[in-house]
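The structure appears below as structure tokens.
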Amino acid sequence: MFLDIEDILNGDHVDQEVSIRGWIHRTRSSGSIVFAVLRDPTGIVQVTVKKGNVAEEKFQDAKNALVESSLAITGTVHEDDRAPGGYEIRANDVKVYDFAEAYPITKDMSEEWLRENRHLWIRSQRMTAIMKIRSTMTGAIHEFFRELEYHEFTPPILQPNQCEGGSTLFEVKYYDSKTYLSQTWQLYAEAMIFSLGKVYDMSPTFRAEKSKTSRHLTEFWMAEMEAAWLTYLDVIEIAKDEVKYIIMRILEENEKELKFLEVDIENLKTMVEKEWPTITYTEGLQMLKEKDGMDVEWGKDLRTIEEIAITKHFDTPVAVIQYPKEAMAFYKPIEENAQAPGPVAKCFDMLATDGTEIVGGSERDTDLKALIDSLEAEGEDIANYDWYLDLRKYGSIVHSGYGLGVERVLAWICGLDNIKDAIAFPRTMNRFKP
RNA sequence: GCCGUCGUAGCUUAGUGGUGGAGCGGCUGACUGUUAAUCAGCAGGUCACAGGUUCAAAUCCUGUCGACGGCGCCA
């Protein structure tokens, strides 16, 4: 029976004989004693192997095993200040499963090298911590929506047409014709609300944008929701609750990992308790003018630099609503009750405290003619959308939804400076290996 | 699509016109308490690729390839 290393570090097994198994994280030898730090999914612990305490052959094995060799150790747990973590196992038996070759990842590593060796780098304490938090996060999203009695609906990934105007699609050969990888589940979710009412999903999303930044992936996971009878103002509040719930669950489950990543835990705690503001696009422009001296022409979409400036005035994420209709995708309806110099849409973005867009959503236009006009204005072939337009012909109702970028939120919560570390095997414009 | 940075040993790098060095890692040896130990020694190079300038190119020029970042766009 093998214990988790975590259990040793809890101090419950002092002076007991235990067995653990894992991989060598660090190793050094000093004549007749070998210090090996062993790693398993739960933590790291120092093991000492002394000449004479184990069979000579096993001592040599311990001495010769390089970093990442896999082995099992049986020994006695001792409390010892000299050991990292405060506990060590003094071995009386060693079994090496596999002697590793010289591990290519050593002390000095460039970003590029680590990405080329991502299949090995995911063993690092840093990536392990991030991936544990990611698991908590995706679990929390399911919990959150199921608690609200949403149904999970999984959309097709191969889709015949685009949705987000401007985003480029990955084309897939489909027998003798062609189709595209999903860039959103939205159109299908809009169909499903007539059946299930309230739906959510988390699914891969593909965007062939030529964006080479620390905030973009070509394949990422989007957590979306769509609900009948709700307005965009209703779902904004759900989005705020969802992100707060994600943070709360991570605080409950991953304190150790957050500390390892040097995340400001107190800051996250207070953020969960605060009200998150909602401002309009027009108010945002005013704020930029008055507080930042940035003069943005009304009607232009907010650029990265402006989003960062706005978020600097808040200590929580902020929802920005009612962007100019002109700059928005075809399905976002006009908000008639807005105070703005021009037509605005029933839509919102949520900006995290570092200025990244973590959520985007809207009400969906129910006016058949308006939809057709918008599509035509964007140069789309109406025939490609016939099934979607059907949804407006049979009992059309008000409905809204949004999408949350899983990696964006994770990177923000963990304070990662690059979104590529928020997913195990990132896909970007220039890299789809390993 | 536009702008910029980088490419030298397995890894991290020094080297701006004149015989390619070092640290880490590996191997050999020493060491009974290390903290990504220390000490001695050994091996390891198509200076991304192609062309050009020059008596001489890792170094200067042109092109290509690769990687990274920023803008725009987006989650």
Side-chain angles (χ1 to χ4, degrees), chain A residues 24-37 44 46-53 59 63-64 66-68 78 80-86 88 90 100-117 120-121 124-125 163-168 183-186 202-224 239 243 300-307 327-329 348-352 356-361 402-412 417-420 422-423 428-431 433:
Chain A
I24 295 181
H25 183 60
R26 307 260 186 270
T27 179
R28 49 200 161 260
S29 71
S30 174
S32 333
I33 181 166
V34 174
F35 299 93
V37 176
I44 58 172
Q46 175 165 288
V47 173
T48 58
V49 186
K50 281 187 183 175
K51 200 180 179 78
N53 287 3
F59 176 76
K63 201 169 176 177
N64 292 336
L66 300 180
V67 166
E68 290 304 321
H78 288 262
D80 195 319
D81 291 340
R82 294 169 297 185
E88 72 175 21
R90 297 182 188 163
E101 294 179 22
Y103 199 55
I105 296 175
T106 58
K107 191 168 79 174
D108 299 305
M109 309 151 297
S110 65
E111 296 279 305
E112 182 180 349
W113 181 250
L114 294 180
R115 282 182 199 145
E116 264 164 29
N117 290 278
L120 301 175
W121 179 235
S124 66
Q125 290 183 280
C163 172
E164 299 286 341
S167 294
T168 27
Q183 57 177 188
T184 173
W185 79 326
Q186 184 191 318
M202 228 182 311
S203 62
T205 302
F206 305 88
R207 296 201 181 164
E209 291 161 0
K210 291 181 176 170
S211 302
K212 290 179 281 188
T213 81
S214 54
R215 302 181 304 280
H216 287 84
L217 297 165
T218 52
E219 175 184 313
F220 64 96
W221 285 71
M222 192 142 70
E224 299 175 90
V243 179
K300 300 252 180 193
D301 205 355
L302 292 179
R303 296 179 304 168
T304 307
I305 186 171
E306 288 133 16
E307 291 176 337
M328 294 294 117
F348 72 100
D349 276 350
M350 192 188 295
L351 307 178
T356 55
E357 297 175 19
I358 51 174
V359 179
Y402 63 81
L404 174 151
V406 170
E407 290 80 9
R408 288 251 176 111
V409 172
L410 185 61
W412 168 63
D417 54 19
N418 198 310
I419 197 168
K420 296 175 187 74
I423 188 166
T428 62
M429 201 179 148
N430 288 324
R431 186 186 290 285
K433 284 166 66 180

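Proteins come first, then strands; the chains are lettered A, B, ... in the order of their sequence lines, and each starts at number 1. Computed over heavy atoms, backbone and side chain alike; hydrogens, waters and symmetry mates excluded.
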Checklist entry - Just checking Glu357(A): base, sugar-phosphate only, or nothing, at a heavy-atom cut-off of under 4.0 Å? => result base

Item to check | Whole-Å P distance, A36(B) and G41(B) | outcome: 25 Å

Next on the checklist: So for Ser211(A) and C73(B), does any side-chain atom that can act as donor or acceptor lie under 3.5 Å from a complementary atom in the base?
Outcome noted: yes

Checklist entry - Can you find a heavy atom in the side chain of Met222(A) that is under 4.5 Å from one in the side chain of Val406(A)? => result no

Checklist entry - Rounding to a whole Å, what distance do you find between Glu307(A):CD and G72(B):P? => result 9 Å

Item to check | Sugar-phosphate, base or nothing in reach of Asn53(A), heavy atoms under 4.0 Å | outcome: nothing

Checklist outcome for this item: Across all chains, not counting sequence neighbours, the side-chain contact (heavy atoms from CB on, under 4.5 Å) partners of Ile33(A) are Ser30(A), Phe35(A), Thr48(A), Lys50(A)

Item to check | N or O in side chain of Lys210(A) less than 4.0 angstrom from G70(B) OP1/OP2 | outcome: no

Next on the checklist: In this structure, how many angstroms lie between the C1' atom of U12(B) and the CD atom of Glu111(A), rounded?
Outcome noted: 13 Å

Item to check | Separation of A75(B) P from Leu302(A) CG (nearest whole Å) | outcome: 13 Å

Checklist entry - Using a cut-off of 4.0 Å on non-hydrogen atoms, how would the nucleic acid contact of Leu404(A) be classed: base, sugar-phosphate, or nothing? => result nothing

Next on the checklist: By the 4.0 Å heavy-atom rule, please label Lys300(A) as base, sugar-phosphate, or nothing.
Outcome noted: nothing

Checklist entry - Rounding to the closest angstrom, what is the interatomic distance between A48(B) and A57(B) at atom C1'? => result 16 Å

Checklist entry - Can you name the salt bridge (Lys or Arg N to Asp or Glu O under 4.0 Å) partners of Glu88(A), sequence neighbours left out? => result Arg90(A)

Distance-only check: which donor-acceptor pairs under 3.5 Å involve side-chain atoms of residues 213-221 of chain A, not counting sequence neighbours?
unit_1, atom_1, unit_2, atom_2, d
Thr213(A), OG1, Arg215(A), N, 2.9
Thr213(A), OG1, His216(A), N, 3.4
Thr213(A), OG1, His216(A), ND1, 2.6
Thr218(A), OG1, Arg427(A), O, 3.0

Checklist entry - Which part of the nucleic acid does Val409(A) contact within heavy-atom distance under 4.0 Å: base, sugar-phosphate only, or nothing? => result nothing

Item to check | Euclidean distance, atom CD1 of residue Ile419(A) to atom C1' of C74(B) [Å, nearest integer] | outcome: 11 Å

Item to check | More than 12 heavy atoms from other groups under 6.0 Å of CD on Glu111(A) | outcome: no

Checklist entry - Say you pick atom P in C60(B) and the same atom in G45(B); how far apart are they, in whole Å? => result 25 Å

Next on the checklist: Using whole Å, what does the distance between atom C1' of nucleotide C74(B) and atom CZ of Phe348(A) come to?
Outcome noted: 15 Å

Checklist entry - With a 4.5 Å limit on heavy-atom distance, are the side chains of Ile105(A) and Trp113(A) in contact? => result yes

Item to check | Span that lies between the P atom of A58(B) and that of G20(B), in whole angstrom | outcome: 8 Å

Checklist entry - How do Pro104(A) and His216(A) order along RNA chain B: which one's closest nucleotide is nearer the 5' end? => result Pro104(A)

Checklist entry - Quick one: side-chain contact (heavy atoms from CB on, under 4.5 Å) partners of Ser124(A), sequence neighbours excluded? => result Trp121(A), Arg126(A), Met127(A)

Next on the checklist: Using the P atom as the point on both nucleotides, what is the distance between G25(B) and A37(B), in whole Å?
Outcome noted: 7 Å

Checklist entry - How is Ser110(A) classified with respect to the nucleic acid when contacts are heavy atoms under 4.0 Å: base, sugar-phosphate, or nothing? => result sugar-phosphate

Next on the checklist: Roughly how many Å apart are G69(B) and U13(B), using the P atom of each and rounding to a whole number?
Outcome noted: 15 Å

Checklist entry - Just by protein heavy atoms under 4.0 Å, how would nucleotides 33-42 of chain B read 5' to 3' in B, S and -? => result BBBBB-----

Checklist entry - If you round to the nearest 0.5 Å, how far is CG of Asp301(A) from CE of Met328(A)? => result 4.5 Å

Next on the checklist: Please enumerate all residues that pass salt bridge (Lys or Arg N to Asp or Glu O under 4.0 Å) together with Glu112(A), with sequence neighbours excluded.
Outcome noted: none

Checklist entry - With sequence neighbours left out, what residues match Lys212(A) under side-chain contact (heavy atoms from CB on, under 4.5 Å)? => result Met429(A), Asn430(A)

Checklist entry - Taking a pair as Watson-Crick (N1 to N3 plus N6-O4 or O6-N4) or G-U wobble (N1-O2 and O6-N3), both under 3.5 Å, which stems of 3 or more consecutive pairs involve RNA chain B? => result B:1-7 with B:65-71, B:10-13 with B:21-24, B:26-30 with B:38-42, B:48-52 with B:60-64

Item to check | Of the listed nucleotides A67(B), C74(B), G70(B), the one nearest the side chain of Glu209(A) | outcome: C74(B)

Next on the checklist: Between A43(B) and U35(B), how many Å separate the two P atoms, rounded to a whole number?
Outcome noted: 28 Å

Next on the checklist: So His25(A), base contact, sugar-phosphate only, or nothing? Heavy-atom distance under 4.0 Å.
Outcome noted: nothing

Next on the checklist: Could you check whether any side-chain N or O of Tyr402(A) sits under 3.5 Å from a backbone N or O of Phe348(A), counting only pairs where one atom can act as donor and the other as acceptor?
Outcome noted: no

Next on the checklist: Expressed as a whole number of angstroms, how long is the span from Trp121(A):CH2 to C11(B):P?
Outcome noted: 16 Å

Checklist outcome for this item: When rounded to whole Å, the CD to C1' distance for the pair Glu116(A) and C68(B) reads 12 Å

Next on the checklist: Regarding Arg215(A), tell me which of base, sugar-phosphate or nothing describes its non-hydrogen contacts under 4.0 Å with the strands shown.
Outcome noted: base

With 3.5 Å as the limit, what N/O pairs link the protein to nucleotides 5-7 of chain B?
none

Checklist entry - Who are the side-chain hydrogen bond (donor to acceptor under 3.5 Å, both in side chains) partners of Arg431(A), not counting sequence neighbours? => result none

Next on the checklist: When you measure from the side-chain N and O atoms of Thr205(A) to the phosphate of A75(B), is any distance below 4.0 Å, counting only OP1 and OP2?
Outcome noted: no

Checklist entry - U32(B), G26(B), G70(B): which one has an atom nearest the side-chain heavy atoms of Ser32(A)? => result U32(B)

Checklist entry - By side-chain hydrogen bond (donor to acceptor under 3.5 Å, both in side chains), which residues pair with Ser203(A), not counting sequence neighbours? => result Asp201(A)

Next on the checklist: Rounded to whole Å, please give me the gap between CG in Asn418(A) and P in C68(B).
Outcome noted: 9 Å

Checklist entry - What interatomic distance, in whole Å, is found between C1' of G1(B) and the corresponding atom of C61(B)? => result 28 Å

Checklist entry - With sequence neighbours excluded, what pairs up with Glu307(A) under the salt bridge (Lys or Arg N to Asp or Glu O under 4.0 Å) test? => result none

Checklist entry - Mapping Arg431(A) and Met350(A) onto RNA chain B by nearest heavy atom, which one lands closer to the 5' end? => result Arg431(A)

